[in-house]
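Order of appearance sets the numbers: ligands from 1, and atoms from 1 within every ligand. We use all heavy atoms of the structure for the numbers below, so side chains are in, but hydrogens, waters and symmetry mates are not.
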Amino acid sequence: MKFEIKDRDAAGRICNFSTKHGKVTSPNLMPVINPNKMIITPKDMKKLFGTEIVITNSYIIKKDEKLKEIAIKKGVHSLINYDGPIMTDSGTFQTYIYGDIDIDPIEIIEFQRDIGSDIGTILDVFGKPNQTKKEAEKGINETLKRAKKSAEIKCKMNLACTVQGSIYPNLREKCAREISKIDADFFPIGGIVPIMENQRYSDLVRIIISSKKGLDPSKPVHLFGAGHPLIFPLAVALGCDFFDSSAYVKYANDNRLIFPWGTEKLQDISELPCSCPVCSNYEADELKKLDENDRLIQIAKHNLYVSYTELKKIKNAISQGYLWELVERRANSNPYLFHALKLLKLKENKIWLEQFDTSSKNKAFFYTGENSIHRPIIYRVHNRLLERYKPSKNLIVFPEGSKPYSIHYSKEIKEIRKKSNFSIIVDSHLGPVPIELDEMYPFAQSVFPEFTDSETENVVSKLFNDFTKNKNIICWKGFKTIKDLKDLTDKKVDSDILRISAVCEMQFGVGSGSALLNGDIRIIKSEKTGKIRNVYCDRKHVLSMRASDGLFSLKLDGGKILHKKMKKPMLRVVVDKDSASFVKKGKSVFAKFVKECDPGLRPFDECIIVDEKDDFLAVGRCILNRLEMLSFDHGMAVKIREYIK
Ligand code: GUN
Ligand code: ZN
């Protein structure tokens with residue numbers, strides 16, 4: 001099994017997953033194939049929707065003599081006539097629907113293995129939402145026991161070991177932690193079908209987060225039985241990689257059409273609000289008049305088109321860095337989902353999510369409503385403002401203005417600087433923004449409406465109070481404010497130095513700014529925009545400021561300085577002996593070779609690479625966080641920028 005992260009946003013990720021029957025990119029959807037009745041064949045699915053992987057049920061195959069014989073003789077790929085990756089389920093879901101049915105947990109693994117399944121699933125014990133904690137615990141113990149035994153006989157088949165634990169977060173996390181110790185390749189989160197059916201999305205969020213907390217981050221996670229695209233964006237943002245859909249047929253059987261915002265009955269639809277090939281071909285009335293089987297096929301196709309399109313939107317949102325925005329927009333279309341998203345404002349959830357979110361995005365932060373202020377990136381910069389930015393004891397506070405603030409308020413700043421070196425702060429929609437940070441992501445790269453909402457205002461005003469505690473605040477009331485300034489200082493403020501230092505502290509930590517600026521400083525600016533581009537200290541190129549996000553790329557000489565100044569393990573990724581020689585040739589650092597990592601480093605953060613003796617080797621950009629670097633066996637951990645030759 002090979003699974004590696006290619007791109008990421010929120011706690012979501014775009015990954016490559018390799019199987020014997022080909023590569024799959026995630027997030028992805030596995031349509032459920034009923035070998036007894038294929039509404040659309042897997043081959044056609046591949047043609048129509050670009051299907052990369054399907055799921056079928058080994059229990060259904062095994063209990064039907066004819067299917068069983070073909071599967072044993074020719075394999076499951078031949079049985080359903082599909083040469084791509086196939087996952088098989090075990091019959092757990094049938095035990096949930098029909099009660100006690102006779103399935104042997106070992107035999108069903110052997111069967112899946114022998115028919116050539118690419119990913120076989122253990123016979124986990126379905127944890128129902130109405131179980132007591134004790135019952136759920138008993139189910140988990142049995143599931144873990146079966147998982148261990150199954151792993152011993154899986155041979156070359158990838159094994160999916162399901163996380164259970166009903167609605168109890170502690171049990172979910174415990175089960176996830178235990179099951180991660182087993183030699184498994186794939187982790188479904190199970191027992192959620194009844195939760196989905198009753199739109200209990202808050203429970204769903206609690207289940208996903210607690211399971212993810214315990215799971216090995218280097219393995220694919222599958223949300224079992226959640227086939228409605230409404231929840232795809234949120235589930236992906238919380239770290240789910242795979243979905244399966246029987247919903248496409250189930251809903252079609254019921255004449256119901258799936259949309260990204262929910263489900264609608266064909267009989268209620270006057271105009272088809274969709275432009276998939278089916279909806280482009282038929283009017284709503286024509287669809288209603290089709291004979292039953294044709295209609296079933298057309299609706300099933302529409303349902304799959306919509307589901308796959310939502311996944312494409314999600315992947316696009318990940319690569320452009322606006323997954324949270326997509327999640328919020330979807331939550332705005334369903335009150336249960338909206339309520340579930342509120343859970344992400346709990347501190348414990350913010351702390352967990354913050355570890356995975358990238359330090360910068362390709363696209364600006366777009367406000368969509370009261371949930372936006374709770375995004376992990378805001379939590380991070382708010383914390384860093386309090387911990388890493390040191391304002392002077394006097395603050396001049398400006399109201400929100402157009403961006404960048406230093407241009408908008410340039411005249412005012414010039415006049416203030418003649419008289420004082422007070423800290424100049426903009427009371428912005430996302431919190432207090434020191435003027436010297438006004439080009440940094442997300443302060444500059446954010447778009448808010450003129451008026452926000454009370455929730456946002458509360459979060460921001462609480463931060464403002466913490467930020468200005470024990471400070472003397474002067475609110476800007478026009479140029480007359482300057483007259484009253486008493487702190488006539490002869491110490492001149494260099495706004496470029498102030499900016500470089502403040503961005504460094506926010507990005508690399510307290511003490512980094514003064515270290516990098518300790519010498520004879522030369523600043524190169526863009527001729528076109530006048531913005532800082534390169535920073536030299538004692539003729540050495542230490543930093544480059546990126547125009548896109550106002551953050552620094554760390555140059556080799558800057559890395560050397562930070563390596564000296566910042567104590568272990570700060571900013572460091574430690575590689576093993578063998579890997580050090582590759583780093584010296586400029587090769588990327590692969591996760592497999594990482595021995596340790598600063599727990600404070602986040603994806604896309606700048607870092608320094610050292611060997612096990614803490615000798616400096618290179619500077620680069622993290623792709624993974626510490627947890628991931630230490631558990632992934634495949635893929636890049638750090639992209640090297642410059643290295644010691
Ligand atoms: N299909 C839907 N839910 C589940 C589950 O919890 N376990 C298994 N094995 N299959 C499922
Ligand atoms: Zn359609």
What atoms in ligand 1 come closer than 4.0 Å to a heavy atom of [X]?
{"X": "S90", "answer": "9 (N)"}
{"X": "G190", "answer": "5 (C), 6 (O)"}
{"X": "F126", "answer": "3 (N), 4 (C), 5 (C), 6 (O)"}

Query raised in the report: Would you say ligand 1 has an N or O under 3.5 Å from any N or O of G191?
Result: yes

Query raised in the report: Are any of the N or O atoms of D89 closer than 3.5 Å to those of ligand 1?
Result: yes

Query - Vertex the Zn ion (ligand 2), arms to C276 SG and C274 SG, rounded to 10° - result: 110°

Query raised in the report: If we only count heavy atoms from C-beta on, is the F17 to I119 side-chain gap below 4.5 Å?
Result: yes

Where's the contact between [X] and ligand 1, heavy-atom distance under 4.0 Å: side chain, backbone, both or neither?
{"X": "P188", "answer": "neither"}
{"X": "V193", "answer": "side chain"}
{"X": "D124", "answer": "side chain"}

Query raised in the report: Thinking salt bridges, do R206 and E173 make one under a 4.0 Å N-O criterion?
Result: no

Query - Closest H302 atom to the Zn ion (ligand 2) [N, O or S only] - result: ND1

Requested in this report: Kindly say whether A10 contributes a backbone atom to a donor-acceptor pair with the side chain of D357 at under 3.5 angstrom?
Outcome: yes

Taking the six-membered ring for Trp, is the centroid-to-centroid distance between [X] and [Y] below 6.0 Å?
{"X": "F242", "Y": "F186", "answer": "yes"}
{"X": "H302", "Y": "F259", "answer": "yes"}
{"X": "F232", "Y": "F243", "answer": "yes"}

Requested in this report: Kindly compute the distance separating CD (E4) from CZ (F590), expressed to the nearest 0.5 Å.
Outcome: 8.0 Å

